[in-house]
Amino acid sequence: MKQFAVFGNPIAHSKSPDIHRAFAEQFDIDLSYEKVLVSEGKFTAFATGFFERGAGANVTVPFKEDALRFTDKLSEDAKLAGAVNTLSRQRGVIVGDNTDGVGLVKDIRDNHAQTFTGKNVLIIGAGGAARGVILPIARENPQSITLVNRTITKAEQLAEQFLPHVAVTTSPFEKLEQPFDIIINATSASLSGQQLPLTPVVIDANTFAYDMMYGAEPTPFMQFAEKHGATTADGLGMLVEQAAKSFEIWHGVMPETHGVITEIRDKLVE
Ligand code: NDP
């Protein structure tokens with residue numbers, strides 16, 4: 001039986017084992033998928049031990065950069081994102097990939113029927129999550145990508161790292177003056193129930209507002225956007241879609257995701 005795992009800290013909340021077991025059932029694939037709580041500073045030791053037998057692993061907060069350093073070979077997405085969420089052992093070589101951005105784009109485009117092409121996109125946040133989605137969004141040919149962050153210097157540094165591949169405009173919150181077609185909250189503000197310093201001027205009735213966070217209730221960002229007329233969604237679909245892409249990398253087949261999103265959503269509200 002092939003062995004898989006997700007490494008993180010904390011990890012108890014992870015839905016990845018449920019998602020990968022549901023995908024495996026679709027193809028009658030026999031696998032084990034464990035949650036592994038890794039102590040700070042111990043990622044390389046845990047990963048080395050695991051890959052003596054393991055076939056693949058997902059990596060979540062705070063180890064995505066440690067995972068990048070652990071690899072022998074990187075995909076283009078992982079290289080530009082500066083982070084790895086999917087590790088695979090292929091003929092003794094450890095390959096790193098980043099499926100977060102592809103998962104986000106697939107969820108917004110296919111599950112929520114929104115097109116990025118020709119649209120003005122606002123990304124809020126300049127941490128690992130924002131970094132991972134910039135290139136996959138740019139591949140969809142939006143009209144513009146604007147990056148806004150509480151600490152503006154971090155947004156400016158991130159935009160610079162994507163040159164010359166992607167043109168990203170940066171702005172402080174208070175300088176945003178027009179509505180956007182798609183707004184993506186890639187901050188961790190919703191984790192602690194905090195409101196963003198966002199002005200309603202960025203939202204109109206055509207805005208699609210997406211929070212990478214998910215939960216049983218709409219996040220504070222989603223509530224704010226809905227109040228000002230936007231259509232909203234949370235990041236549960238992104239979670240399932242990034243897992244589907246990892247599954248495809250490991251098993252060579254793309255699972256069906258709709259039923260799995262519904263199954264995990266039902267468990268959230270139980
Ligand atoms: P980081 O810690 O790397 O970055 C956090 C970002 O949030 C920074 O830009 C920070 O701004 C900003 N921020 C935090 N609090 C506030 C606040 N009160 N007001 C304004 N800005 C704030 O986190 P990640 O990028 O790794 O993750 C961000 C979110 O994305 C998390 O909630 C995570 O759960 C989610 N995520 C979801 C995934 C999914 O599959 N659905 C996949 C990956 C991530 P500053 O620079 O000023 O500190």
Determine the minimum heavy-atom distance between Ala57 and Phe50, stating which atoms define it.
CB-CE2, 4.1 Å
Please check if the side chain of Trp250 supplies one atom and the backbone of Leu87 the other of a donor-acceptor pair under 3.5 Å.
yes
Any chance you could measure Leu122, atom CG, to Thr146, atom OG1, to the nearest 0.5 Å?
6.0 Å
Under a 4.0 Å N-O cut-off, is there an ion pair linking Asp77 with Arg139?
yes
Is a donor from one side chain sitting under 3.5 angstrom from an acceptor on the other, for Thr117 and Asn141?
no
Do you reckon Leu74 sits in the same ILVMFWY cluster as Val102, going by side-chain contacts under 4.5 Å, direct or chained?
no
Say whether Ile249 and Leu239 are linked into one hydrophobic cluster, either directly or through other cluster members, by side-chain heavy-atom distances under 4.5 angstrom.
yes
Could you tell me the separation between the CG atom of Asn206 and the CG atom of Asp204, rounded to the nearest 0.5 Å?
5.0 Å
Who pairs with Ser192 by side-chain hydrogen bond (donor to acceptor under 3.5 Å, both in side chains), at least two apart in sequence or on another chain?
Gln194
Checking Gln178 against Asn120: is there a side-chain donor and acceptor pair closer than 3.5 Å?
no
State, yes or no, whether a side-chain contact exists between Lys73 and Ile94 at a heavy-atom distance under 4.5 Å.
no
Decide yes or no for Thr187 and Arg150: does some side-chain heavy atom of the first lie under 4.5 Å from some side-chain heavy atom of the second?
no
Just wondering, do Arg109 and Thr115 contact through their side chains at under 4.5 Å, heavy atoms?
no
Could you go through Phe70 and Phe51, starting from their C-alpha distance and side-chain angles, then the distance that decides it, and tell me whether this counts as side chain to side chain contact (heavy atoms under 4.5 Å, CB included)?
CA-CA 11 Å; Phe70 182 71; Phe51 275 106; 3.8 Å; yes
Quiz: residues 1-15 side-chain donor-acceptor pairs under 3.5 angstrom, not counting sequence neighbours:
residue : atom : partner : partner atom : Å
Asn9    : ND2  : Val38   : O            : 3.0
Ser14   : OG   : Ser16   : N            : 3.2
Lys15   : NZ   : His13   : O            : 3.1

Might you confirm whether atom CD of Glu217 has over 12 heavy atoms from other residues, nucleotides or ligands at distances under 6.0 Å?
no
CD1 of Ile182 to CD1 of Ile145: how many Å apart, nearest 0.5 Å?
10.5 Å
Assess the residue pair Ile108 and Phe116 against the criterion (side chain to side chain contact (heavy atoms under 4.5 Å, CB included)); give the C-alpha distance rounded to whole Å, side-chain angles, the decisive distance to 0.1 Å, and a yes or no.
CA-CA 9 Å; Ile108 292 181; Phe116 283 94; 3.8 Å; yes
From Thr232, Asn185, Thr219, Ile203, residue fulfilling side-chain contact (heavy atoms from CB on, under 4.5 Å) relative to Phe224
Ile203
Quick check: do Ile137 and Pro142 have side-chain heavy atoms less than 4.5 Å from each other?
yes
OG (Ser75) and CG (Asn98) are apart, to the nearest 0.5 Å, by 7.0 Å
Please list all pairs meeting salt bridge (Lys or Arg N to Asp or Glu O under 4.0 Å) that have one or both residues in residues 52-72, counting only residues at least two apart or in different chains.
Lys64-Asp100, Asp66-Arg69
Compare all side-chain heavy atoms of Asp107 with those of Tyr210 and state whether any distance is below 4.5 angstrom.
yes
State which residues pass ring pair (Phe, Tyr, Trp, His ring centres under 6.0 Å) with Phe27; sequence neighbours excluded, sorted by chain then number.
Phe247
Min side-chain heavy-atom separation Asn85-Gln242 under 4.5 Å:
yes
Verdict with reasoning, Lys245 to Glu248, per salt bridge (Lys or Arg N to Asp or Glu O under 4.0 Å)
CA-CA 5 Å; Lys245 188 67 195 163; Glu248 189 191 29; 2.9 Å; yes
Would Thr86 and Asp97 count as having a side-chain donor-acceptor pair, cut-off 3.5 Å?
no
Treating Ile, Leu, Val, Met, Phe, Trp and Tyr as nodes and any side-chain heavy-atom pair under 4.5 angstrom as an edge, say whether Met238 and Met213 lie in one connected cluster.
no
Whichever hydrophobic residues join Val95 through chains of side-chain contacts under 4.5 Å:
Val93
Verdict with reasoning, Asp181 to Val121, per side chain to side chain contact (heavy atoms under 4.5 Å, CB included)
CA-CA 6 Å; Asp181 302 305; Val121 179; over 6 Å; no
Kindly list each side-chain donor-acceptor pair under 3.5 angstrom involving residues 154-176, sequence neighbours excluded, with atom names and distances?
residue : atom : partner : partner atom : Å
Gln161  : OE1  : Arg131  : NH1          : 2.7

Audit row: Val148, Ile123, side chain to side chain contact (heavy atoms under 4.5 Å, CB included) steps and yes/no:
CA-CA 6 Å; Val148 63; Ile123 300 173; over 6 Å; no
Within a strict 4.5 Å, meaning less than it, do heavy atoms of the Ile264 and Leu236 side chains meet?
yes
Check whether Glu226 reaches the backbone of Thr231 with its side chain - one donor and one acceptor, N or O, closer than 3.5 Å.
no
Verify the distance criterion only: is there a donor paired with an acceptor across the side chains of Tyr33 and Asn58 at less than 3.5 Å?
yes
Evaluate the side-chain proximity of Ile184 to Asp211: yes if any heavy-atom separation is below 4.5 Å, no if none is.
no
